[in-house]
Amino acid sequence: MKLIFIGPPGSGKGTQAQQLAARHGVPHISTGDMLREAVADGTELGKKAAPIMAAGGLVPDDLMIGIIKDRLSRDDAHKGFILDGFPRTVEQAEKLEGIVAGNEGEKLKVLQLLVPDEAIVKRIALRRSCPQCGAVYHLEHNPPTKDNVCDRCGAGLIARPDDNESAVRKRLEAFHRQTLPVATYYKSKSALREVDGQGPIDEVFERIEKSLA
Ligand code: AP5
């Protein structure tokens, strides 16, 4: 499986990609998680990315392309992967083609999760994330067993710093302006599948599996 998830912030890309990766035995590669790790570790990349992410903007293409090139060159990604959060611009999509061109296995599939902006704002307000292992919860739809404690690794859960109202608005704007053209790009190559991202998490998962079958 070589799959790209496209969708607005909070559409469920991370939630679905984690489950799908576990079921299909391929790595889940989230550029957002990679950047948050770099910020937490205080690396040069993290220092550059932190203010951009906090304001809801996009990290420059050259940095992102370098990160993905490195990550996809690792052994575990040679036969398959699920990309969550990349590509986010047409330039990233064009460069990705060159990066995966020599890879063995299946062709790239692209799945767009459709969720309207009003639903996004509600979802993000009640999201909680694990800063240690990246697990994602929702206080209503997917709560942790114990309040504010990660089921998977026991760390305390947080609300992401970019989940405030003004950053979410800016992230939605970036999605409409810079990432929707990526969906159009893949549509023109007949690689795009659109899936309704609303409804219970398990139902969305089954829709995705059906659309990929
Ligand atoms: P990133 O981490 O990729 O953020 P995002 O795209 O804004 O997406 P999110 O992680 O917010 O949401 P999601 O779609 O994964 O939804 P989730 O499953 O959590 O990127 C962060 C930042 O990094 C960017 O803003 C940018 O600055 C930078 N960046 C990253 N990649 C980049 C790139 N390639 N180029 C440039 N910059 C880049 O679900 C959301 C909530 O809803 C959760 O609480 C979940 O439990 C709940 N939920 C999920 N599904 C459902 C459902 N069906 N019903 C109800 N609730 C649900």
Side-chain angles (χ1 to χ4, degrees), residues 4-21 28-39 45-46 48-69 71 82-93 95-96 111-117 119-131 134-144 150-151 157-164 166-180 182 195-208:
I4 293 170
F5 264 102
I6 294 181
S11 55
K13 302 182 296 296
T15 301
Q16 298 296 339
Q18 275 182 9
Q19 290 191 39
L20 213 58
H28 165 212
I29 300 177
S30 155
T31 42
D33 286 349
M34 290 161 91
L35 290 170
R36 280 183 284 278
E37 214 176 295
V39 172
L45 168 68
K48 280 187 194 149
I52 302 172
M53 294 170 77
L58 290 189
V59 174
D61 285 340
D62 56 335
L63 288 178
M64 297 313 302
I65 290 159
I67 295 174
I68 278 296
K69 198 170 178 188
R71 181 60 188 88
I82 298 178
L83 285 181
D84 158 14
F86 187 98
R88 254 180 159 94
T89 64
V90 171
E91 181 174 348
Q92 292 180 14
K95 291 280 162 44
L96 179 65
L111 200 137
Q112 183 181 4
L113 278 177
L114 305 172
V115 180
D117 288 4
I120 295 292
V121 177
K122 279 194 198 149
R123 280 191 189 181
I124 286 186
L126 295 182
R127 168 166 54 190
R128 295 294 179 271
S129 311
C130 176
V136 179
Y137 301 88
H138 188 278
L139 296 183
E140 257 173 31
H141 304 296
N142 180 26
C150 179
D151 289 349
L157 301 179
I158 57 158
R160 270 172 37 183
D162 60 344
D163 278 354
N164 62 75
S166 83
V168 170
R169 228 180 292 119
K170 191 125 187 268
R171 284 157 63 200
L172 276 170
E173 196 186 302
F175 173 75
H176 287 287
R177 195 162 43 85
Q178 289 164 281
T179 308
L180 272 182
V182 177
V195 170
D196 179 5
Q198 294 198 93
I201 291 171
D202 291 350
E203 277 180 24
V204 176
F205 185 74
E206 288 315 317
R207 269 179 230 147
I208 291 172

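All residue numbers refer to positions in the sequence shown, counting from 1. We count ligands from 1, going down the list as the structure has it; atoms in each ligand are counted the same way.
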Worksheet item: Taking side chain as C-beta onward, heavy atoms only, is Leu96 less than 4.5 Å from Ile4?
Response: yes

Item to complete: Taking the side chain as every heavy atom from C-beta outward, state whether Ile67 and Val59 have any pair of such atoms under 4.5 Å apart.
Response: no

Item to complete: In plain terms, say whether Arg169 and Asp117 are close enough for a salt bridge, that is, a side-chain N and a carboxylate O under 4.0 Å apart.
Response: no

Discussion item. Any carboxylate oxygen within less than 4.0 angstrom of a Lys/Arg side-chain nitrogen, looking at Glu203 and Arg207?
Written reply: yes

Worksheet item: What pair of heavy atoms forms the shortest contact from Pro87 to Ala93, and how long is it?
Response: CB-N, 3.4 Å

Worksheet item: What closest approach, in Å, do Arg36 and Ser30 show between heavy atoms, and which atom pair accounts for it?
Response: NH2-OG, 4.4 Å

Item to complete: Using heavy atoms and a cut-off under 4.0 Å, could you grab the residues that are in contact with ligand 1, chain by chain, numbers ascending?
Response: Pro8, Pro9, Gly10, Ser11, Gly12, Lys13, Gly14, Thr15, Thr31, Gly32, Leu35, Arg36, Met53, Gly57, Leu58, Val59, Met64, Gly85, Phe86, Arg88, Gln92, Arg123, Arg127, Val136, Tyr137, His138, His141, Arg160, Asp162, Arg171, Gly197, Gly199, Ile201, Val204

